[in-house]
Asks: 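The following block contains the structure, expressed as structure tokens.
The analysis underlying the following values was restricted to heavy atoms, covering all of them including side chains, and did not include hydrogens, waters or symmetry mates. Numbering of ligands and ligand atoms starts at 1, following listing order.
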Amino acid sequence: MGKTVIVTGGSKGIGKGIAATFAKQGANVVVVARNLEAAEACATELAGDNGNAFAVGGDVTDRESMGDVMKNVYEKFGSIDVLCSNAGIFPSANLEDMTNEDWDLVMNTNVKGTFHAVQACIPYLKQAEYGRIVITSSITGPVTGYPGWSHYAASKAAQLGFMRTAALELASENITVNAVLPGNILTEGLEGMGDEYLKEMAASIPMKKLGKVEDIGYAALFLATKEAGFITGQTIIVDGGQILPEN
Ligand code: NAP
């Protein structure tokens with residue numbers, strides 16, 4: 001592939017799956033996370049898998065941090081071709097008990113974090129042969145609801161509103177902006193929801209299993225190809241058919 005690909009939240013879970021998928025294609029993959037040690041361990045693992053992976057510490061909630069990440073990556077590789085804006089959190093809080101702090105943390109990470117990462121990479125994507133932005137949203141919010149996640153669901157729907165307007169603004173720059181909407185994918189983060197949740201979710205999926213992180217990786221890879229260049233402002237649901245049943 002020979003492209004430089006940044007994956008926010010790339011040190012574990014879905015982001016690591018996305019990073020691994022691009023690394024296998026020969027991309028220079030930059031894994032961004034707050035915990036630099038974890039990001040470095042991930043990059044070492046992926047680089048050993050025939051890929052080129054590098055770690056950079058960064059916090060998507062911090063505008064300056066995202067600016068620094070993009071600048072450092074550009075100085076190292078001479079281009080930024082793809083941003084996978086994937087970092088996100090999903091703490092649970094019932095609506096009646098939800099505090100402003102709960103709400104703000106989720107919005108600042110998932111929505112404002114997407115804004116920071118996308119805005120910071122625009123000057124560099126404009127210089128690329130073609131630029132690609134792939135946002136990790138969710139079925140929760142845009143399509144479904146789940147008790148305890150009203151803030152999270154709102155954040156994931158907000159990402160799509162942001163994506164559509166960003167796609168319009170960047171269309172003339174040969175930059176596409178699309179989103180992948182995962183269903184339930186087995187990640188470290190989701191494991192934290194506990195066995196009962198994982199069993200309940202697997203049972204509700206027509207394919208009777210949770211998704212793999214690579215399932216999201218391949219969807220992101222497709223949207224990042226040259227061949228997907230006429231697709232912008234769109235979504236791909238990757239959920240094993242979870243949203244299909246009428247009852
Ligand atoms: P995860 O396993 O908890 O991994 C989250 C990643 O994001 C980590 O690399 C974490 O590293 C990073 N991160 C968190 N806050 C950050 C911040 N402020 N700045 C930079 N990096 C940050 O989560 P996941 O399950 O893979 O979820 C990843 C994305 O997929 C999220 O956007 C989530 O909403 C979406 N999603 C997941 C599922 C699912 O089933 N798992 C379903 C639908 C959508 P550090 O903590 O070191 O920063």
Side-chain angles (χ1 to χ4, degrees), residues 6-21 29-43 45-46 53 55-66 68-69 83-92 104-117 120 134-146 149 151-160 162-163 179-193 197-198 200-202 204-205 209-217 219-220 235-240 242-243:
I6 296 178
V7 186
T8 67
S11 63
K12 57 182 181 166
I14 288 176
K16 187 175 176 185
I18 293 173
T21 308
V29 178
V30 180
V31 172
V32 181
R34 290 167 303 179
N35 182 333
L36 180 59
E37 236 173 70
E40 279 170 345
C42 169
E45 189 186 325
L46 300 185
V56 179
D59 183 342
V60 296
T61 65
D62 179 344
R63 186 188 180 105
E64 207 177 311
S65 166
M66 282 302 99
D68 290 346
V69 165
L83 168 70
C84 294
S85 177
N86 165 84
I89 56 169
F90 36 91
S92 182
D104 289 346
L105 181 63
V106 168
M107 287 296 163
N108 282 340
T109 307
N110 299 359
V111 187
K112 209 171 183 187
T114 300
F115 157 59
H116 287 155
V134 183
I135 295 169
T136 308
S137 173
S138 177
I139 59 169
T140 309
V143 189
T144 64
Y146 196 85
W149 275 344
H151 51 355
Y152 175 74
S155 76
K156 292 285 137 178
Q159 283 182 311
L160 299 190
F162 170 84
M163 172 203 62
V180 178
L181 278 56
N184 279 271
I185 308 297
L186 192 56
T187 64
E188 292 90 331
L190 206 72
E191 271 169 350
M193 298 292 295
Y197 174 87
L198 297 179
E200 183 196 327
M201 281 302 131
S204 74
I205 297 170
K209 58 181 180 185
L210 300 181
K212 301 190 297 297
V213 292
E214 292 77 14
D215 294 325
I216 307 306
T235 57
I236 298 180
I237 291 176
V238 183
D239 73 343
Q242 188 173 346
I243 64 163

Asks: Can you tell me which residue and heavy atom of the protein come closest to atom 22 (C) of ligand 1, and the distance to 0.1 Å?
Replies: A87 CB, 3.7 Å

Asks: Of the non-hydrogen atoms in A154 and M107, which two are nearest, and what is the gap between them?
Replies: CB-CE, 3.6 Å

Asks: In terms of heavy-atom contacts, does CD of E200 have more than 12 from other residues, nucleotides or ligands at under 6.0 Å?
Replies: yes

Asks: Counting from 1, what ligand 1 atoms have a heavy atom of N184 closer than 4.0 Å?
Replies: 40 (O)

Asks: Distance-only, no hydrogens or angles: does the T140 side chain make a donor-acceptor pair with backbone N or O of A153 under 3.5 Å?
Replies: no

Asks: For F90 and Y146, I'd like to know if the aromatic rings sit close, meaning centre-to-centre distance below 6.0 Å.
Replies: no

Asks: What is the minimum heavy-atom distance between V106 and S155, and which atoms define it?
Replies: CG1-OG, 3.8 Å

Asks: State whether the shortest distance between N or O atoms of F90 and N or O atoms of ligand 1 falls below 3.5 angstrom.
Replies: no

Asks: Looking only at N/O atoms, are S11 and ligand 1 under 3.5 Å apart anywhere?
Replies: yes

Asks: Atom 3 (O) of ligand 1: which protein heavy atom is closest, and how many Å away?
Replies: G189 CA, 3.6 Å

Asks: Assess whether a salt bridge exists between K16 and E188, defined as any Lys/Arg side-chain N lying under 4.0 Å from an Asp/Glu carboxylate O.
Replies: no

Asks: Among protein heavy atoms, which sits nearest to atom 40 (O) of ligand 1, and what does the distance come to when rounded to 0.1 Å?
Replies: I185 N, 2.8 Å

Asks: side-chain contact (heavy atoms from CB on, under 4.5 Å) between N110 and I89: does it pass, once the steps are laid out?
Replies: CA-CA 7 Å; N110 299 359; I89 56 169; 3.8 Å; yes

Asks: Locate the shortest heavy-atom distance separating G58 from V69; write the atom from each residue and the value.
Replies: CA-CG2, 4.1 Å

Asks: Go through the steps to decide whether L198 and E191 satisfy the test side-chain contact (heavy atoms from CB on, under 4.5 Å), and finish with yes or no.
Replies: CA-CA 7 Å; L198 297 179; E191 271 169 350; 4.2 Å; yes

Asks: Is any N or O atom of N35, backbone or side chain, closer than 3.5 Å to an N or O atom of ligand 1?
Replies: yes

Asks: Under 4.0 Å from a heavy atom of K12: give me the atoms of ligand 1 that qualify, with their elements.
Replies: 2 (O), 3 (O), 4 (O), 8 (C), 9 (O)

Asks: So, is I139 polar-close to ligand 1, with some N/O to N/O distance under 3.5 Å?
Replies: no

Asks: Between V32 and ligand 1, does any nitrogen or oxygen pair lie at a separation below 3.5 Å?
Replies: no

Asks: Could you list which atoms of ligand 1 come closer than 4.0 Å to a heavy atom of T136?
Replies: 29 (C), 30 (O), 32 (O), 35 (C)

Asks: Does N86 come within less than 4.0 Å of ligand 1, judged by its heavy atoms?
Replies: yes

Asks: Which of the atoms in ligand 1, numbered in the order shown and given with their element, are less than 4.0 Å from a heavy-atom of D59?
Replies: 17 (C), 18 (N), 19 (N)

Asks: Atom 7 (O) of ligand 1: which protein heavy atom is closest, and how many Å away?
Replies: G9 CA, 3.3 Å

Asks: Among all protein non-hydrogen atoms, which one is nearest to atom 19 (N) of ligand 1, and what is the separation to 0.1 Å?
Replies: V60 N, 2.9 Å

Asks: Please classify the T187 to ligand 1 contact at 4.0 Å (heavy-atom distances, strictly less than): side chain, backbone, both or neither.
Replies: side chain

Asks: Could you check whether any heavy atom of A39 sits closer than 4.0 Å to an atom of ligand 1, since that is the contact criterion I want to use?
Replies: no

Asks: Closest approach of I205 and G240, non-hydrogen atoms and distance?
Replies: CG2-O, 3.4 Å

Asks: Could you check atom 34 (O) of ligand 1 against the protein and tell me its nearest heavy-atom contact, residue, atom and distance included?
Replies: Y152 OH, 2.6 Å

Asks: Look at atom CD of E64 and say whether more than 12 heavy atoms of other residues, nucleotides or ligands are closer to it than 6.0 Å.
Replies: no

Asks: Looking only at heavy atoms, which two atoms of A220 and I18 are closest? And how far apart?
Replies: CB-CG2, 4.3 Å

Asks: Any heavy atom of G58 sitting closer than 4.0 Å to ligand 1?
Replies: yes

Asks: Take R34 and D59 through the side-chain contact (heavy atoms from CB on, under 4.5 Å) test and state the conclusion after the steps.
Replies: CA-CA 5 Å; R34 290 167 303 179; D59 183 342; 3.9 Å; yes

Asks: Identify the protein heavy atom lying closest to atom 16 (C) of ligand 1, giving its residue, its atom name and the separation to 0.1 Å.
Replies: R34 NE, 3.4 Å

Asks: Run the contact test for G192 against ligand 1 with a 4.0 Å cut-off on heavy atoms, strictly below, and give the result.
Replies: no

Asks: Can you tell me if D239 uses its side chain to pair, donor with acceptor, with the backbone of P182 under 3.5 Å?
Replies: no

Asks: Pick, from L190, I14, V7, N108, the option with the minimum heavy-atom distance to atom 38 (C) of ligand 1.
Replies: I14

Asks: Within less than 4.0 angstrom of ligand 1, does K156 place any heavy atom?
Replies: yes

Asks: Considering only protein heavy atoms, which is closest to atom 5 (C) of ligand 1, and at what distance to one decimal place?
Replies: G88 O, 4.0 Å

